[in-house]
Amino acid sequence: MQEVCCLSLNRIVAAIGIVLFALVGNVSRVEALDAVTVPLDGKTLDLTEAIDFASRDPSDRVQVSTAPGADGIVRRIEVRSNQAGGTSYWAYFALSNNGDEQIDRLLVAPHFRLANSGLLIPDLGASRIASVTPSQGFPPERQPSQEADVFRITLDPGANVTFVAELRTPNLPQLYLWDPDAYKDSINSFTLYHGIVLGISGLLALFLTIVFVVKGTAMFPATAALAWSVLIYLCIDFGFWNKVIQIAPGDDKMWRAFAEVFLSAALLIFTYTYLNLNRWHVRYSHATIAWLVGLLILIVVAVFEPGIAAGVSRLSFGLTVFLGFVVIVYMSLRHYDRAIMLIPTWVLLMVWIAGAYLTVTGVLANDVIQPALNGGLVLIVLLIGFTVMQHAFAGGQIAQGTIGETERRALALVGAGDIVWDWDVARDRIFTGTDAEELLGLKQGTLEGPARDWLEVLHPADRDRFKSTLDAVVEQRRGRISQDFRLRSEDGHYRWFHLRARPVIGSDGEVLRCVGTISDVTDERTAEERLLHDAVFDNLTGLPNRQLFIDRVAGAIIRSQAEGAVRPAIFMLDIDRFKQVNDSFGLSVGDSILLTIARRLARLLKPQDSLARISGDQFAFLLISESEPERIAAFADSVRRTLRAPISFGDREIFLTASIGIAMHDARQGDAQDFVKDAEMGMFYAKRLGGDRIEAFRPALREQGSDTLTLEADLRRAIGREEIKVLYQPVVRLEDRTIAGFEVQARWDHPKHGRIPPADFMSLAERNGLIIPLGLFVLDRAARQLSDWQEQLGRDVPLFVSVPIASRQLLRHDLINDVKSVLSRSAVQRGSLKLEFPESLVMENPEYAAQVLARVRELGAGLALDDFGTGYSSLSYLQRFPFDTLKIDQSFVRGPTAKHRRVVLRAIIGLAHELHMDVVSEGAETEDDALDLYDLGCEYAAGLLFGQPMSAQDAGKLLFREEEAMIA
C-alpha cells in the first residue's frame, strides 16, 4: 500500500512539472498511445494509420507520453528540434517487440508518391523526416537514399518503444516498416523495371527524332517532343534526374512541375499538328497559341509555386485529352484518315487519364499503381509512334491511286493542247513532254531533270521567282502554282510560258509531286506589252505621247536644277492646214505624211534630245544638246526647212509648213506642265499670225492667254465647289412613250460667266489633265442618282443612265478600277449604268479598246457606241466590241432628204439588231421623227420632243409622275 501511494505521488509531481514547463516555453504535449506489434517474420508493415501528430503548427519542442512499458508505467519524454530555426512539425508512433529475439527494421518515408498527391495543388514530394528520437535506446541511423527518408531501428525482445519523428513538412503521407532484405529486393526489382521503361522510352524518343530529321514535316518533331517529354518526366519520377544534376533529396518539386508542364504542352502540340487543325479553321490556331502561351507562363510560376503550376498542367493535360477526343470523333465522322487511325491510341489515353485521376485523388493507393501508370504512358507514346510511322513509310503506297488519277487528267489536258509538267519532289525530277522542247528547238530531254537544271534555260529575271515558288509549295504543302516565266530557245530568243500546277499530298501530309500544265503565252504577252507601249507611245509613229514627253521634260528640269546641266528648250510644232490634206487625200495618206514628217524630224535629233507626237498634227521637241540662243535658233530654222521640203505622193508633191513655238526654261517657270504651255503659247501665237513662223515665248504672251489660264484655274476648283452640275435628258421607249432612262450631260455654272456648255470647258479639262477627275465625278454622281431612283421604283422597273466617255485620257487611264470603285459604292442593277464611247475614240486603238471594254462589261456596266457612222470605222472590229447599245447620231435623223435618211437609218438599225444591240437615236425633235424611227425598228429615242436636259430633282419628278400615272 505504501508503494502504491509513493507511485501515485511521483506521477502527480511529474504532471505538475510538465504543466509548469509548458507554461514557460513553446511546448507541444501529446497523450500516450498504443504500440504497434512488429511481427518477427513480417517483410513490410504500413504505419501510416498508426501515426499521431503533435500539432499542425510548428514548435521547437514536443512532450510525448510514451506507450506503457512492460511494467505498465507511462512515461514522459521531451524532444527538442534539431533543424535550423528551431521549429518543426512532430509525429509519433510506438512499436512493440513481443518476441524473444531482437528485430532490425527500416523505417521508410517516401519523398513522393503519385497516389493521393492531389489534383489542384498537388503534393510534389519532399524530404519528410528530419530525425527520429526513440523513447529508449540509441537514435536510429539515417540510411542513404534518393527516394525516401530511411532510418534503421532496433527493437529489443519485449520492448515497447515510442518514436518521435521531427518532420520537415506538415504531412507525412506514407510511412512503412520494412525488413532490410525485403526492402533491398523491392528496390532492386523496381530499379530493373525503371531501367526497362527508361530504355524503351529513350530509344523511342531517339528513333522519332531520327524520323523527324529524315522526313522534316511538323508532325514528326511534335511526336518526338512528346516522347522526350515523357522520358524527362520518367527520369524525374524514377529519381534518375536527381543523380544527373545533383539535386538534394526531396528538393525536386520545381523540376517535377517543369516536367508536367512540358508533358502537357507536348501533348497539345502533337494533337494540333497531327490532326492538321490549322487547315480546318483559323480559330484552332488561335486557341492553340493562346493555350501554349498560358503553359509557358506556368514555367515561370513553377519556379515560385511548383504545386500551382503542376495542378494547372494536370488540368491542361486532362482537358487536352478530352477535347482531343471530341475533335477526333468529329473528324472521324467526316472520314479524316488521321483521326480514324488515332482512335485506338486515344481511347487508351482516356483510360490512362481515368486511372491517373483515381490515383491522385487517393481512390487507388497501392504501391503498384504509380509504376503501372508510368509504363502505360510509355505504351501510349509507343502506339503514337507506330501511328506516325505508318504515315512516314506508307505515304507513297496510299497516294499511288491519287497519282494515277492526276496522270489521267494530265493526259486529258495534253489532248486540249497544253504541255504536261510533272515534278517528282522526292526524286527532284521534272518531266515535260517533247512539245516544249520542239517549240524551243532544244534537244530532247533538256527540260527533264532536277529543278535546278531549269535555272539554266530560264530568263535570269525569272529564276529567283521560279525557285521561291516551288520552295513555298513544298514548305506550305498547299496552294496552287500560277506563274509566267521565259525559257530560252536554241537561237537565244525567249518565249513566254504560263505554268499552272498544284501539289499532290500523300497521306503523311508531305508533297509527293506537283502536276500541271505549261502553255505558250508568247502572243498574249506580246499583245500586253504592245498595250503598255501604246499607253506612253503614239501607235502610229512610235514616238512618245504627251504624257511621256511631259515626264521627260520634268526629268530634264530636275537635272538642270540639281546638277547644273544645260537648260532645256521646248519646240512645239503644228502642221499648217493639215486638215485640208486629210480632206483632200484621205486619212491613210494623212497617216503616211505624218510618218514621213516624224522620220524627217527624228534625223535632226541628237541622242539626248526627244521628239514626241502631242496630238494629231502636233509634234514637240525637247532640246538638251544645244544651249546657246544662236544654236537654238539655227536648229529651229533647220526644222522649218525640213518641214518645207516637198513630200512626193505618186506623181504629185505636197508642200507643208508649220507654226513653231519655242520656250527656254528659267527659274520663274513652274513645273513641266507650265513649261510645255509656254511653248504652246508661242505656237498658238505663230498660228494666229498666219503660220509658217517661229515665235519664241515671251511673258507678254501670257497676258494674251490670261483669260484661258484663268478659266483653267477656275476649272481646277470647280469640282470641289460643286460648280459642275450633272443634268439628265430623258430617253423614252418609242413603243409606249415611257421613260426608259436618262442621258447624262455636264454643265459648268461659273460664278462670273454663268452656265458654260461642255464644248467650252472639256477641251480645257483634257489639256490640263482635269478630264480624269471630272469624268470620275460625273460617273459617280450619275451612279448614285441611278441607285436612288432604282431603290425608290423597285428592282422590277427597268431604268438606265448613260454617261459619255469622250476623252482618250479617260479610256487610257485606269478606267477599269474607276468603274469598279463606282459600282461598289452604288448598288445599281447590272448593265443599267451605261458608258457611251464615241466611235472615233474607240477606233484610235481598237485592240486596246476591245480589251478595256470587255473588262468594263465584266464588272457589270453597260456599253454604248456613240456617234456611229460619223467617222472611220471597220465592221470587222465592230463585231468584236462588247457593246450592247448603238446610238445613232442626230445628223442621220436630220438628213437632207427623207428617202436617203430612211435608207441609212434602216441599214444602221438592221446592223445593230444583227449584232444583238439595242438602238438609241438622238435628235428626235418632232413627232414625225419619232414615228419614222419607230417604224424602222428603233427602240429608244432622245431629243427636244421628249425633254431637254434637266436637274436630278426635275428628272425625278418627271419619272415618278409618269410612274404614278401608269399605276393609276
Side-chain angles (χ1 to χ4, degrees), residues 526-553 555-556 568-625 635-636 638-649 653-662 672 676 679-680 683 687 691 766-767 807-809 811-812 840-849 871-872 874 877:
T526 302
E528 291 179 5
E529 292 173 356
R530 177 64 181 176
L531 292 176
L532 293 175
H533 179 274
D534 291 345
V536 292
F537 288 91
D538 178 58
N539 59 357
L540 175 63
T541 61
L543 297 175
N545 60 12
R546 184 184 185 91
Q547 287 77 15
L548 182 57
F549 179 74
I550 292 177
D551 183 72
R552 291 183 177 180
V553 171
I570 294 180
F571 287 66
M572 296 295 297
L573 296 81
D574 183 87
I575 308 301
D576 298 329
R577 296 177 298 278
F578 187 75
K579 186 176 184 301
Q580 297 178 3
V581 176
N582 282 333
D583 295 340
S584 301
F585 300 99
L587 293 176
S588 59
V589 175
D591 290 344
S592 299
I593 293 175
L594 289 175
L595 285 171
T596 302
I597 294 174
R599 285 195 296 267
R600 288 183 177 182
L601 295 177
R603 297 191 190 103
L604 303 176
L605 296 179
K606 294 183 179 179
Q608 60 267 45
D609 301 331
S610 295
L611 173 64
R613 184 188 178 195
I614 302 301
S615 62
D617 59 350
Q618 292 184 3
F619 294 84
F621 282 101
L622 174 61
L623 189 64
I624 303 177
S625 59
F635 179 81
S638 63
V639 170
R640 186 182 179 188
R641 289 196 306 270
T642 299
L643 292 175
R644 281 183 170 183
I647 299 175
S648 299
F649 177 69
E653 288 186 342
I654 300 175
F655 293 88
L656 297 175
T657 59
S659 301
I660 304 175
I662 305 175
V676 173
E680 287 179 336
M683 180 190 68
K687 196 84 169 177
E766 186 163 3
R767 187 163 57 247
S807 171
R808 65 175 58 88
Q809 292 188 34
L811 183 61
R812 291 185 177 179
S840 58
L841 176 62
V842 172
M843 295 308 300
E844 282 188 1
N845 192 340
E847 293 288 348
Y848 174 79
Y872 171 79
S874 173
Y877 275 108

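All residue numbers in this chain count up from 1 along the given sequence. Here the structure is a predicted model, which is why all the values come from computation and not from measurement.
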Could you tell me the separation between the CG atom of Asp538 and the CZ atom of Phe549, rounded to the nearest 0.5 Å?
14.0 Å
Whether the side chain of Asn545 engages the backbone of Leu548 through a donor-acceptor N/O pair (distance < 3.5 Å, no angle test) should be reported.
yes
Write down the atom of Ser659, the atom of Met683, and the distance for their closest heavy-atom approach.
O-CG, 3.5 Å
Of the non-hydrogen atoms in Phe571 and Ala636, which two are nearest, and what is the gap between them?
CE2-CB, 3.2 Å
Just verifying a value: how many Å separate Phe621 CZ and Phe635 CZ, rounded to the nearest 0.5 Å?
4.5 Å
Stepwise side-chain contact (heavy atoms from CB on, under 4.5 Å) check, Ile570 with Ile662:
CA-CA 6 Å; Ile570 294 180; Ile662 305 175; over 6 Å; no
Minimum heavy-atom distance Arg552-Ser610, with the two atoms named
NH1-OG, 3.5 Å
Identify the heavy atoms of Ile550 and Ala672 that sit nearest to each other, and give their distance.
O-CB, 3.6 Å
Val676 versus Arg546: any side-chain heavy-atom pair under 4.5 Å?
yes
Any idea which heavy atoms bring Leu594 and Thr541 closest together, and the distance?
O-CG2, 4.2 Å
Does Ile624 offer a backbone N or O that forms a donor-acceptor pair with the side chain of Asp609 under 3.5 Å?
yes
Point-to-point distance, once rounded to the nearest 0.5 Å, from CZ of Arg603 to OG1 of Thr642
9.0 Å
From the options Asp591, Ile597, Thr596, select the one residue that forms a side chain to side chain contact (heavy atoms under 4.5 Å, CB included) with Ile593.
Ile597
From Thr657 OG1 over to Asp576 CG, what is the distance, rounded to the nearest 0.5 angstrom?
3.5 Å
Between Leu611 and Ala598, which heavy-atom pair has the shortest distance, and what is it?
CD2-O, 3.8 Å
Side-chain (Arg613) to main-chain (Gly616) donor-acceptor, under 3.5 angstrom:
yes
Stepwise side-chain contact (heavy atoms from CB on, under 4.5 Å) test for Ile614 and Asp574
CA-CA 10 Å; Ile614 302 301; Asp574 183 87; over 6 Å; no
Atom CG of Leu543 and atom CG of Leu601: how far apart are they, to the nearest 0.5 Å?
8.5 Å
